[in-house]
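Chain letters run A, B, ... following the sequence lines, proteins first and then strands; every chain starts at 1. Fair warning: this is a prediction, and the values are worked out from it, not measured in the lab. Below, all heavy atoms of this structure are taken into account, side chains as well, without hydrogens, waters or symmetry copies.
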Amino acid sequence: MPELPEVEGVVRALRPVVEGKTIEKVITSSTIQTSYENGKESIVKKSSPQTFAKALVGMQITEIERRAKYIFFHLMREGNRYLFVNHLGMTGAWFTVNTLAEITEDKFRRHAHVIIQFTDKQLLVYADIRRFGECRLIEKISDHPPLLKMAPEPFVKEAEDFFIEQSEKTKYANKAIKEVIMDGQVISGCGNIYATEALFTMKINPLRKTSQISESSKRLLFHAIVNILQESIDFGGSSISDYRNINGEAGTMQNRLKMYGRKQCPICQSETTQVSIGGRTSTYCDNCQQ
DNA sequence: CCTCAAGACCGGCTGC
DNA sequence: TGCAGCCGGTCTTGA
């Protein structure tokens with residue numbers, strides 16, 4: 001389950017390998033082609049996989065950027081700029097290889113859906129087991145309006161005030177704080193794992209209504225989120241279920257998580273509580289988190 | 001116009 | 001062994 005730190009790891013690994021390269025050929029899987037023919041948008045959005053594949057030919061990757069949990073491949077061809085927007089969904093992963101056989105894990109290799117070949121014959125492969133990810137080719141951000149609504153990057157200085165301002169909107173007042181910090185229009189890139197951890201650090205019950213949390217607590221919570229995201233980036237992300245970085249390697253942040261996936265509270269040893277908040281499983285300590 | 005709920009996109013995994 | 005049901009990030013659609 002890649003969240004912001006995992007995506008950051010992918011981007012950092014991709015940059016030195018693919019920036020500056022030019023796309024010679026793109027192949028998409030028959031699986032997503034069949035889905036398209038059945039009227040489904042599987043991975044490739046707003047275009048048929050074949051149209052998408054053709055459109056990428058001749059493009060040079062000028063820059064790779066992470067924005068929230070998205071990867072932006074900035075592209076250029078004949079002086080025109082384009083943007084290849086990628087989201088890893090639940091189980092997406094990028095591999096840079098010479099042949100598909102080099103993807104050693106079966107479950108990824110069997111689900112290679114977008115295979116990009118550069119002019120130097122190297123392959124950049126997008127594999128996605130459950131196909132919740134997305135690949136979208138646009139010219140500019142405004143071509144896909146939801147991207148305009150994303151909160152600023154959590155590490156920029158405006159992000160904290162933006163969070164406070166958003167969290168005070170009436171539509172969030174009665175929502176559980178956990179649901180609000182996981183909303184990309186409030187904070188960018190805070191998914192289930194890191195929301196769970198930050199709330200545990202701050203001893204805040206994830207079910208608490210947003211309106212019942214003071215501004216100063218929210219500011220502290222914001223810093224807890226930023227800190228856990230940064231810590232995770234520093235430790236290579238959390239390798240839970242299907243996340244792999246570009247080299248197929250796993251991060252070690254999962255070993256540092258104190259509440260996510262735990263049966264027992266590391267502070268008071270009592271059994272943790274599982275509830276569904278906003279449709280997602282949430283773990284917390286009923287004793288320590290008020 | 002806004003808000004909210006439900007639907008869409010999936011296959012590995014768990015548990016009966 | 002078989003298979004139904006669960007899980008979940010984000011956008012889209014419908015009410």
Side-chain angles (χ1 to χ4, degrees), chain A residues 1-8 10 28-49 52 66-72 85-93 105-114 126-138 141-151 154 166-176 178-196 206 209-211 225 229 237-244 260-261 263 274-283:
Chain A
M1 240 192 306
E3 295 190 23
L4 182 151
E6 294 76 31
V7 179
E8 178 66 26
V10 171
T28 52
S29 70
S30 57
T31 307
I32 62 172
Q33 180 61 28
T34 302
S35 289
Y36 177 78
E37 284 159 11
N38 291 328
K40 296 173 180 177
E41 277 197 327
S42 187
I43 297 181
V44 174
K45 308 298 179 186
K46 291 285 168 277
S47 133
S48 74
F52 169 82
R66 179 190 57 71
R67 182 70 178 87
K69 301 177 199 168
Y70 288 92
I71 299 172
F72 286 177
V85 177
N86 167 247
H87 194 292
L88 300 173
M90 306 295 298
T91 52
E105 276 182 286
D106 260 37
K107 60 179 180 177
F108 282 105
R109 193 181 56 252
R110 287 191 292 123
H111 297 283
H113 292 298
V114 179
Y126 179 68
D128 191 339
I129 300 164
R130 285 159 77 175
R131 288 187 263 159
F132 266 35
E134 78 173 57
C135 291
R136 183 188 303 268
L137 184 60
I138 58 180
I141 302 274
S142 56
D143 292 342
H144 185 49
L147 296 175
L148 292 169
K149 301 176 85 177
M150 286 192 290
Q166 285 293 96
S167 70
E168 286 167 354
K169 289 192 170 174
T170 53
K171 70 166 168 173
Y172 295 121
N174 289 317
K175 287 198 169 169
K178 177 156 179 284
E179 200 175 341
V180 173
I181 62 176
M182 286 176 66
D183 186 324
Q185 295 180 31
V186 180
I187 297 178
S188 275
C190 180
N192 202 10
I193 298 172
Y194 302 108
T196 297
K209 285 186 181 182
T210 299
S211 61
I225 292 167
L229 291 173
S238 302
S239 295
I240 290 170
S241 79
D242 296 316
Y243 167 72
R244 297 293 182 281
Y260 182 86
K263 292 257 187 294
Q274 271 74 231
V275 288
S276 178
I277 302 175
R280 278 161 243 173
T281 306
S282 304
T283 303

Please round to 10 degrees the angle between the axis of the first five pairs and the axis of the last five pairs in the helix from B:dT3-C:dA15 to B:dC16-C:dG2. 50°
Can you tell me which residue among A:Lys69, A:Arg67, A:Arg66 is in a salt bridge (Lys or Arg N to Asp or Glu O under 4.0 Å) with A:Glu8? A:Arg66
Taking only residues two or more places apart in sequence, or in another chain, which ones meet A:Arg280 in a side-chain hydrogen bond (donor to acceptor under 3.5 Å, both in side chains)? none
Over how many whole Å does the gap from A:Tyr36 atom OH to B:dC9 atom C1' extend? 16 Å
Using only side-chain N and O atoms of A:Ser42, determine if any of them is under 4.0 Å from OP1 or OP2 of B:dC10. yes
Between A:Tyr260 and A:Ser238, is any pair of side-chain heavy atoms under 4.5 Å apart? no
Out of B:dT3, B:dC10, B:dG11, whichever nucleotide has its closest atom nearest the side chain of A:Lys171: B:dT3
Could you pull out the protein-nucleic contacts involving nucleotides 11-15 of chain C (nitrogen or oxygen on both sides, under 3.5 Å)?
residue: C:dC11; atom: OP1; partner: A:Tyr70; partner atom: OH; Å: 2.8

Can you measure A:Asn86 atom CG to C:dT10 atom C1' for me and round it to whole angstrom units? 13 Å
Listing, residues 39-46 of chain A side-chain donor-acceptor contacts under 3.5 Å, not counting sequence neighbours, or none:
residue: A:Glu41; atom: OE2; partner: A:Lys46; partner atom: N; Å: 2.8
residue: A:Lys45; atom: NZ; partner: A:Glu41; partner atom: O; Å: 3.1

Is any side-chain N or O of A:Ser35 closer than 4.0 Å to OP1 or OP2 of B:dC10? yes
Residues which pass side-chain contact (heavy atoms from CB on, under 4.5 Å) with A:Thr281, listed by chain and number, not counting sequence neighbours: A:Gln274
Strictly below 4.0 Å: does A:His111 bring a side-chain N or O up to OP1 or OP2 of B:dG12? yes
Any A:Lys107 side-chain N or O less than 4.0 Å from OP1/OP2 of B:dC13: yes
List the residues meeting ring-ring contact (aromatic ring centres under 6.0 Å, His included) with A:Tyr70, not counting sequence neighbours, and say none if there are none. A:His87
Gap between atoms CD and P, on A:Glu179 and B:dT3 respectively (whole Å): 14 Å
Counterpart residues, salt bridge (Lys or Arg N to Asp or Glu O under 4.0 Å), relative to A:Glu179 (two or more places apart): none
Between the protein and nucleotides 4-9 of chain C, which nitrogen or oxygen pairs come in under 3.5 angstrom?
residue: C:dC7; atom: O2; partner: A:Arg130; partner atom: NH2; Å: 2.4
residue: C:dG8; atom: OP1; partner: A:Thr281; partner atom: OG1; Å: 3.3
residue: C:dG8; atom: OP2; partner: A:Thr281; partner atom: N; Å: 3.2
residue: C:dG8; atom: OP2; partner: A:Thr281; partner atom: OG1; Å: 3.0
residue: C:dG8; atom: N2; partner: A:Arg130; partner atom: NE; Å: 3.0
residue: C:dG8; atom: N2; partner: A:Arg130; partner atom: NH2; Å: 2.4
residue: C:dG8; atom: N3; partner: A:Arg130; partner atom: NH2; Å: 3.4
residue: C:dG9; atom: OP2; partner: A:Arg280; partner atom: NE; Å: 3.3

I need the OH-C1' distance between A:Tyr126 and B:dC10, as an integer number of Å. 12 Å
Results of side-chain hydrogen bond (donor to acceptor under 3.5 Å, both in side chains) for A:Arg109 - residues two or more places apart only: A:Asp106
According to side-chain contact (heavy atoms from CB on, under 4.5 Å), who are the partners of A:Ala195, at least two apart in sequence or on a separate chain? A:Lys178, A:Ile181, A:Met182, A:Cys190
Applying side-chain contact (heavy atoms from CB on, under 4.5 Å), name anything that partners A:Gln185, two or more places apart in sequence or on another chain. A:Lys149, A:Gln166, A:Lys171, A:Tyr172, A:Asp183
Check side-chain contact (heavy atoms from CB on, under 4.5 Å) between A:Thr31 and all other residues, then give those that pass, not counting sequence neighbours. A:Ser29, A:His113, A:Arg131
